[in-house]
Amino acid sequence: FGICTGRAFDSAAEPLEGIIEPDFYIVTTGAQIYLKDQGFILDAEIDREVARSIAEHFYDREGARLVVVSGTEFLTVGASRYSMREVASIDEVEGPITGVSLEFNGDIEAAARAQVEVERVFGDSVSAFQNLSSVDIVRAGCSKGTGTKRVKEVFGCSSIAGIGDSYNDLALLRAADVAYTFHKAP
């Protein structure tokens, strides 16, 4: 049993402590894979200059707010609707950057436009996945789908099931042998 999410490791694992211990976590939209018995087997960083360019390109554009995954935690560049550690700029992020998210405060169309633009401008270096009104950005070649395939291979599974509820789950659903979603999913 495992968890596959766009969240940073800490925000996925902490709520489950003492309740259930997943065998694996695919976090940061597939940029990080954590196995219960081995630790991280994938920790794919985004080049810091690319992350800085994305931040500059989208700075306060259409109300965009920037969230960065560094190590196992979320950091917000400026204010965010979530409670997380705040930094003034991406230059203050000390550790490696494994994910960047652009939040559009409920504006699904702005997120859709941003996802296309990230792929167009930065697609050689990163992949972008819309999650309703935000865009998850990870190193090129990473996705929930590639993470699912890797976990299936590592565990030697003949089949794997996945459940998703948003656009950023499409790669997971395509990679799963059995896929489920919800009637209210986009």
Side-chain angles (χ1 to χ4, degrees), residues 3-14 25-34 40 42-148 150 164-172:
I3 303 291
C4 184
T5 182
R7 294 174 180 256
F9 179 77
D10 287 353
S11 66
E14 287 174 5
Y25 290 87
I26 300 168
V27 292
T28 317
T29 311
Q32 296 177 301
I33 300 173
Y34 179 89
F40 283 98
L42 177 65
D43 202 8
E45 297 178 31
I46 296 175
D47 179 89
R48 187 168 290 273
E49 288 303 315
V50 172
R52 183 179 293 113
S53 294
I54 292 168
E56 291 170 358
H57 189 86
F58 287 96
Y59 178 74
D60 209 25
R61 192 169 176 186
E62 296 193 67
R65 295 289 176 247
L66 186 72
V67 175
V68 175
V69 178
S70 179
T72 61
E73 71 173 329
F74 278 128
L75 304 168
T76 182
V77 180
S80 173
R81 62 185 172 141
Y82 305 110
S83 60
M84 57 186 75
R85 192 159 61 93
E86 192 174 310
V87 294
S89 77
I90 205 159
D91 295 322
E92 290 184 18
V93 176
E94 295 174 7
I97 296 172
T98 52
V100 173
S101 290
L102 301 169
E103 299 179 349
F104 291 93
N105 199 30
D107 191 339
I108 295 170
E109 291 79 20
R113 288 189 297 273
Q115 186 269 330
V116 170
E117 190 164 348
V118 168
E119 290 283 348
R120 182 181 60 77
V121 176
F122 303 101
D124 290 342
S125 302
V126 298
S127 296
F129 303 92
Q130 183 181 357
N131 183 8
L132 290 182
S133 63
S134 64
V135 179
D136 299 335
I137 304 165
V138 293
R139 189 170 77 190
C142 294
S143 71
K144 291 181 180 181
T146 58
T148 299
R150 177 87 183 268
D165 66 352
S166 191
Y167 302 115
N168 68 343
D169 294 315
L170 292 174
L172 159 69

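We number each residue from 1, following the sequence as shown.
Taking 4.5 Å as the limit, some side-chain heavy atom of I108 sits within range of a side-chain heavy atom of Q130. Proximity of I3 to I26: side-chain heavy atoms (C-beta onward) are nowhere separated by under 4.5 Å. With contacts defined as side-chain heavy-atom distances shorter than 4.5 Å, the pair F104/S134 does not qualify. Side-chain atoms of I33 and R150, non-hydrogen and from C-beta on, do get closer than 4.5 Å to each other. I97 is not listed as a side-chain neighbour of V69, based on a closest heavy-atom distance of 4.5 Å or more.
Remark: E103 CD to F58 CZ distance equals 14.0 Å, nearest 0.5 Å.
By the salt bridge (charged side-chain N to carboxylate O under 4.0 Å, His left out) test, R139 pairs with no residue at all, sequence neighbours left out. For E94, there are no salt bridge (charged side-chain N to carboxylate O under 4.0 Å, His left out) partners two or more places apart in sequence or in a different chain. Here Q32 pairs with T28, D43 under the side chain to side chain donor-acceptor pair (under 3.5 Å) rule; sequence neighbours left out. Taking the salt bridge (charged side-chain N to carboxylate O under 4.0 Å, His left out) definition, one finds that E117 meets it with R61, R120, sequence neighbours left out. When the salt bridge (charged side-chain N to carboxylate O under 4.0 Å, His left out) test is applied to D10, no partner is found at least two apart in sequence or on another chain. Checked against side chain to side chain donor-acceptor pair (under 3.5 Å), E49 has the following partners two or more places apart in sequence or in another chain: R52.
Residues D107 and S133 bring no donor and acceptor atom of their side chains to less than 3.5 Å of each other.
Judged by distance alone, the side chain of Q115 and the main-chain N or O of V135 form no donor-acceptor pair under 3.5 Å.
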Decide yes or no on side chain to side chain contact (heavy atoms under 4.5 Å, CB included) for T98 and V138, but give the supporting numbers first. CA-CA 6 Å; T98 52; V138 293; over 6 Å; no

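Here the shortest heavy-atom pairing between E45 and P96 reads CD-CB, 3.3 Å. Residues C4 and T148 approach most closely at SG-OG1, 4.4 Å, considering heavy atoms.
A side-chain hydrogen bond (donor to acceptor under 3.5 Å, both in side chains) with K144 holds for exactly one of D136, T5, D169; it is D169.
Ring geometry for Y34 versus F9: interplanar angle of 30 to 60°, hence tilted.
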